[in-house]
Amino acid sequence: MTHRTPPTGSPAVPEAAGHLLRQMLRVRRLEEQCVELYSAARIRGFLHVYIGEEAVAAGVMSALGPEDAVVATYREHGHALLRGVSAGVILAEMYGHVQGCCRGRGGSMHLFDAATHFYGGNAIVAGGLPLAVGMALADRMAGRARVTACFFGEGAAAEGEFHESLNLAALWRLPVLFCCENNLYAMGTALARSQSQTDLALKAAAYELPAWSVDGMDVLAVEESARRAVDAVRAGGGPHFLELRTYRFRAHSMFDPERYRDKAEVARWTERDPILSLRRSLEATGRFSEDDWNALDREVAAEMEAAVRFAEAGAPEPLDDLQRFVYSER
Amino acid sequence: METTYREAMRTAIREALLQDDRVFLMGEDVGAYGGCFAVSLGLFEEFGPERVRDTPLSESAFVGAGIGAALNGMRPIVEIMTVNFSLLALDQIVNNAATLLHMSGGQFNVPLVIRMTTGAGRQLGAQHSHSLEGWFAHVPGLRILTPATVEDARGMLWTALEDPDPVLIFEHGSLYNLSGELAEDAGPVDIHAAAVRREGGDVSLITYGGTLPLTLEAADRLAAEGIEAEVLDLRTLRPLDDAAILATVVKTHRAVVVDEGWRSGSLSAEISARITESAFYELDAPVARVCSAEVPIPYARDLELAALPSAERVVAAAREAVGGGG
């Protein structure tokens, strides 16, 4: 049975909302730090920031358990951070330092972390979906009640691997949570200009798996939908699909002049800033004050300052180690 | 005991399924059908649909799923029906299997075995007959095996499964009916070293996989003419056994590389280059190559045979090398 919208439940408690606000702000400040460091040429390569989309990662990650696995895309700094990789280790990776989570071999697009079951950092669009299916297959065969959450953009729905993977996961009823971050643009190509069916939950539902569209700017809605989906997947309900409708406030990457969308559209979406929205609704309850916000902001700023210091203090891997990790060291 | 390459491969898969719960076989028609080339015949009935797992025609998804399962504790054997179909999974093999360990700074290895048939000779036309193993041998992070004997068909799989990194096994379609003697206690073999299949001092014939039988036939014919050829079976295309290649060239001073791949940008070109890089002053004749004609492999029998390496062409190349160096 498929659902077009998630079933409703009890509202999240304020403490949980406070946690989600904090998590979203951590991602926002990390990304702002990345942009600043990129402009200062401390970070090179491609850099894709998640500003505007924070509610998606914050809501979904909050619904996962520590043993669950995450497969993400090349716009994954926030996912790594919220999965538990420290901001310092993430920034050190972008600096190309050996203190980074991948010893500087991955960079911004390829963050991996075994300790938190974070499997990238995949920069081929839709390339992570088959991996997630296989990880879930292994969990099923081994009898582990683990969920693999797989993030990808709406652009992935045009790739064959999307269709092959949804079919395989549904056919074998594997414990995968497919999280489609629909920010409306595949780099610069609008969804309506590239896919004949723009209703992605409907597209996914064709593979006979529950598929829900969720307001990806509302972190409470994301968290609730994700929790219900994760619970269902873990209970043996087979793969679930969330289309998280969101928007990227910044350019695709640092090289993007944004010729493909107009400023009015961006302005309309930034009015729905997920962090600002949650802050306002918390303030409206009377249980969260401007002082509370300022304290939170200072705390997060201090975390990021420490992270930059950690990354700055690192060093590149010795060139003699170039050939390591092509094959396993036995 | 007398056995065939196909049976030896099946015995190896069966043994792996029996010995390690983490092993499973996955691919198109490996189960209920018994395998396109009947390699897995009977295993579905013995081990059931979970461990001998039929997949949809989704090469990228099931190869990628093999990578994911390998990352997550399993030891999958993924079968791709032919090397031509593997191109549909090239993204997963090259961008994921081969890179994850390095990109992750050593955190995530991929203990996956991918088996596929390769090669021509059965009138299957251009989309089922190519020899693209040389392409895969280009890619760091992969190990490329080409069993050419019943011993290697029996023994390479288990060693490959014990390897912590992705291993691709190329089974030449013309070898499945190859029969040979196999010891009752035959078991795992090394997957590192090339093997001298015939000793000789006049010329080195360097080959692998499906062209080993015709190269041995050529060596027999050359012997009848008084030319003693040494036949080196590379066995592993990546990493190449440079020491073995160098040793035979130092011994005979003449080399003919026999490779069913196309000549341009090929494995034969790589071997030739390595010989000239490391043993140029040992050579008494230019390195020769016998490769497939630079055409998509045609269907018609005579045209197909004309496109492929043959014992006659190997004999001619060896004669030229020996005579030319006189």
Side-chain angles (χ1 to χ4, degrees), chain A residues 69 71 93 98 100-107 109-115 117-124 126-142 144 146 148 159-169 171-172 174 317 323-330, chain B residues 21-24 26 49-51 53-76 78 88-92 94-112 139-143 162-167 238-239:
Chain A
V71 177
E93 182 61 30
V98 71
C101 50
C102 303
R103 309 171 67 96
R105 282 168 160 76
M109 297 194 286
H110 304 299
L111 303 175
F112 290 84
D113 184 59
H117 310 298
F118 191 75
Y119 292 83
N122 295 281
I124 305 295
L129 278 86
L131 291 192
V133 169
M135 293 181 54
L137 174 61
D139 285 329
R140 233 273 305 278
M141 291 181 80
R144 291 186 290 259
R146 184 161 95 150
T148 297
E159 296 277 6
E161 289 183 321
F162 170 93
H163 298 274
E164 293 187 9
S165 299
L166 261 60
N167 178 59
L168 207 54
L171 186 71
W172 292 346
L174 299 176
E317 189 155 19
Q323 298 286 334
R324 292 183 67 189
F325 313 124
V326 179
Y327 298 96
S328 294
E329 296 173 359
R330 289 188 270 185
Chain B
D21 289 342
R22 300 171 304 172
V23 171
F24 66 100
M26 168 164 69
E50 287 282 307
R51 297 189 70 206
R53 185 174 282 269
D54 283 317
T55 67
L57 309 189
S58 304
E59 285 82 1
S60 199
F62 70 72
V63 170
I67 297 168
L71 283 169
N72 200 7
M74 302 301 280
R75 291 291 182 274
V78 172
L88 294 161
L90 213 50
D91 169 49
Q92 290 298 326
V94 177
N95 283 321
N96 280 342
T99 61
L100 283 168
L101 180 70
H102 192 83
M103 278 198 309
S104 68
Q107 295 181 82
F108 293 119
N109 63 301
V110 181
L112 170 68
V139 181
L142 302 179
R143 181 179 291 278
E162 289 189 317
D163 195 287
D165 301 312
V167 179
R238 186 181 188 96

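Values below: every heavy atom of this structure, side chains too, minus hydrogens, waters and symmetry copies. Chain A is the first sequence line, chain B the second, and so forth, proteins listed ahead of strands; every chain is numbered from 1. Since the structure is predicted, the reported quantities are computational estimates derived from the model, not experimental observations.
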Decide yes or no on side chain to side chain contact (heavy atoms under 4.5 Å, CB included) for R144(A) and N72(B), but give the supporting numbers first.
CA-CA 11 Å; R144(A) 291 186 290 259; N72(B) 200 7; 3.4 Å; yes
Which atom of C101(A) lies closest to which atom of Q107(B), heavy atoms considered
O-NE2, 2.8 Å
Does E329(A) CD have over 12 foreign heavy atoms under 6.0 Å away?
yes
Proximity breakdown for R22(B) and chain A, heavy-atom pairs closer than 4.5 Å
neither
Quick check on the interface: out of G68(B), P56(B), G66(B), who has the most heavy-atom pairs with chain A under 4.5 Å?
G68(B)
Heavy-atom check, side chain of L101(B) versus side chain of F112(A), under 4.5 Å:
no
As an exercise: rank G107(A), S165(A), G127(A), A136(A) by heavy-atom pairs under 4.5 Å with chain B and give me the winner.
G127(A)
Per-residue contact mode, N122(A) against chain B (heavy atom under 4.5 angstrom):
side chain
Does any heavy atom of chain A fall under 4.5 Å from the side chain of L100(B), the backbone, both, or neither of them?
side chain
Please walk me through it: do M109(A) and M103(B) pass side chain to side chain contact (heavy atoms under 4.5 Å, CB included)?
CA-CA 10 Å; M109(A) 297 194 286; M103(B) 278 198 309; over 6 Å; no
Walk me through it: do L137(A) and M74(B) pass the test side chain to side chain contact (heavy atoms under 4.5 Å, CB included)?
CA-CA 9 Å; L137(A) 174 61; M74(B) 302 301 280; over 6 Å; no
Can you name the closest pair of heavy atoms from S60(B) and P130(A) and give their distance?
O-CB, 3.8 Å
To the nearest 0.5 angstrom, please state how far the CE atom of M141(A) sits from the CZ atom of R53(B).
5.0 Å
If you tally heavy-atom pairs under 4.5 Å against chain B, which of D139(A), N167(A), L171(A) wins?
D139(A)
Quick check for you: to the nearest 0.5 Å, what is the distance between L111(A) atom CG and S104(B) atom OG?
11.5 Å
Can you tell me which of G100(A), A114(A), G128(A) forms the most heavy-atom pairs within a distance under 4.5 Å of chain B?
A114(A)
Which bit of D21(B) is near chain A, if near means a heavy-atom gap under 4.5 Å: side chain, backbone, both or neither?
neither
Under 4.5 Å, counting heavy-atom pairs only, tell me which of N109(B), D163(B), I67(B), D91(B) racks up the most with chain A.
D91(B)
Here the pair of heavy atoms bringing H102(B) nearest to R324(A) is ND1-O, 3.1 Å
Let me know if F162(A) has heavy atoms under 4.5 Å from chain B in its side chain, its backbone, both or neither.
neither
Do you know the tightest heavy-atom contact between A65(B) and L168(A)?
CB-CD2, 4.4 Å
Look up atom CG in L131(A) and atom CG in N96(B), then write down how far apart they are to the nearest 0.5 Å.
4.5 Å
